[in-house]
Amino acid sequence: MSIRRQRVLMFDSGSGGLSVARAVREQFGGVTDLVYAADTAGFPYGRWSEVMLVRRILKVMRELITAVQPDCVVIACNTASTLALDVLREEFRVPFVGTVPAIKPAAAQTQTGVIGVLATPGTVKREYTRTLIHTYAFHCKVLLHGAPNLAEIAERKLAGEAVDPADLLAEIKPVFRMRGGNKTDVVVLGCTHYPLLLDELKQVAPWPVEWIDPAPAIARRTAFILADRGAHSQPGEGGSISPDTVVLTSNPAGGQLPAGFKAMGFSTLKVLDIPV
Ligand code: DGL
């Protein structure tokens with residue numbers, strides 16, 4: 001009898017979760033099945049009101065969990081995790097791994113005491129984010145900035161468009177400051193789309209900093225949850241969606257699987273039409 005491999009559902013509003021999928025593939029992709037879901041009909045999440053976004057995430061997640069029957073869901077989206085993780089854990093039995101701004105490691109790493117946090121306009125407004133700062137970085141100067149267009153710039157890059165350095169600089173400049181004679185030395189990438197622009201960000205940054213991409217830590221946490229679950233139960237039956245599928249909630253341009261997903265080892269496209 002063949003035993004099914006454990007199945008991870010990776011979820012984001014768009015392609016940002018690919019930065020996390022990359023880390024999962026690198027760390028333990030050989031032993032785990034991956035299905036990626038992007039709420040492309042709802043993108044960008046950074047502009048939604050909190051009440052409407054919670055409803056949207058629950059609605060999409062109900063359909064996805066039924067179709068995929070995952071053993072673990074990774075919410076590879078800070079904008080969704082900082083808002084809806086508790087609600088999701090109450091509503092569904094499957095374990096969830098969240099992605100929240102890496103403020104704790106940034107506070108441990110800074111030498112100057114000046115930290116930049118780049119995130120979506122939604123994430124910077126969250127109580128969750130404020131609490132992370134008050135708990136772990138109360139002794140630091142934290143420059144928290146809601147970048148209005150950075151996630152969309154990352155989507156355009158993945159779609160093959162050129163990235164304008166001036167646009168990029170305008171998005172990140174507010175976290176590069178001098179405070180009491182000290183400069184920002186650590187910048188948290190508080191949106192999973194941003195590591196996909198890391199090379200370009202390094203080029204336009206006013207000075208070199210440590211960029212914190214939480215993806216490797218999220219992948220480690222996911223591996224831990226699956227190992228723990230595997231020790232106590234068999235993987236489930238599996239839903240109707242096969243591994244290496246990308247599920248989108250709207251039709252992609254050209255009706256094709258977007259190139260960025262193919263490059264990350266995804267081979268099949270499934271559209272689950274969930275209009276906003
Ligand atoms: N990738 C998402 C995040 O980590 C958000 C992008 C968006 O939908 O605004 O926050």
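In listed order, ligands and their atoms are each counted from 1. Numbers here simply count residues along the sequence, with the first being 1.
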Practice task
Apply the side-chain hydrogen bond (donor to acceptor under 3.5 Å, both in side chains) test between Tyr45 and each candidate in Thr123, Asn78, Asp39, Thr120; give the one that qualifies.
Solution key: Asp39

Practice task
Verify whether the ring centers belonging to Phe43 and His193 lie closer than 6.0 Å.
Solution key: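 Centroid distance Phe43-His193: below 6.0 Å, so yes.
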
Exercise for the section: Give me the ring orientation class for Phe96 and Phe92: parallel if the planes are under 30° apart, tilted from 30 to 60°, perpendicular past 60°. Expected result: tilted

Exercise for the section: Salt-bridge test for Glu50 and Arg126: reply yes if a basic N is under 4.0 Å from a carboxylate O, no otherwise. Expected result: yes

Handout entry: Side-chain ion pair, Glu152 and Lys157, N-O less than 4.0 Å
Key =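 A salt bridge is absent here (no side-chain N lies under 4.0 Å from a carboxylate O).
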
Practice task
In sequence, state the C-alpha distance, the side-chain angles, and the governing distance for Asp33 and Arg5, and then conclude on salt bridge (charged side-chain N to carboxylate O under 4.0 Å, His left out).
Solution key: CA-CA 6 Å; Asp33 289 341; Arg5 293 166 15 139; 2.9 Å; yes

Looking at [X], which atoms of ligand 1 are within less than 4.0 Å of one of its heavy atoms?
{"X": "Cys77", "answer": "2 (C), 3 (C), 4 (O), 5 (C), 10 (O)"}
{"X": "Asp12", "answer": "1 (N), 2 (C)"}
{"X": "Gly46", "answer": "7 (C), 8 (O), 9 (O)"}
{"X": "Ser13", "answer": "5 (C), 6 (C), 7 (C), 8 (O)"}
{"X": "Phe43", "answer": "7 (C), 8 (O)"}
{"X": "Thr79", "answer": "3 (C), 5 (C), 10 (O)"}
{"X": "Thr120", "answer": "5 (C), 6 (C), 9 (O), 10 (O)"}
{"X": "Ala151", "answer": "6 (C)"}

Problem - Arg25 to Phe266, cation-pi by 6.0 Å centre distance and 45° axis angle - result: yes

Handout entry: atom 7 (C) of ligand 1 - nearest protein heavy atom and its distance
Key =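 Checking every protein heavy atom, the shortest distance to atom 7 (C) of ligand 1 gives Tyr45 N, 3.3 Å.
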
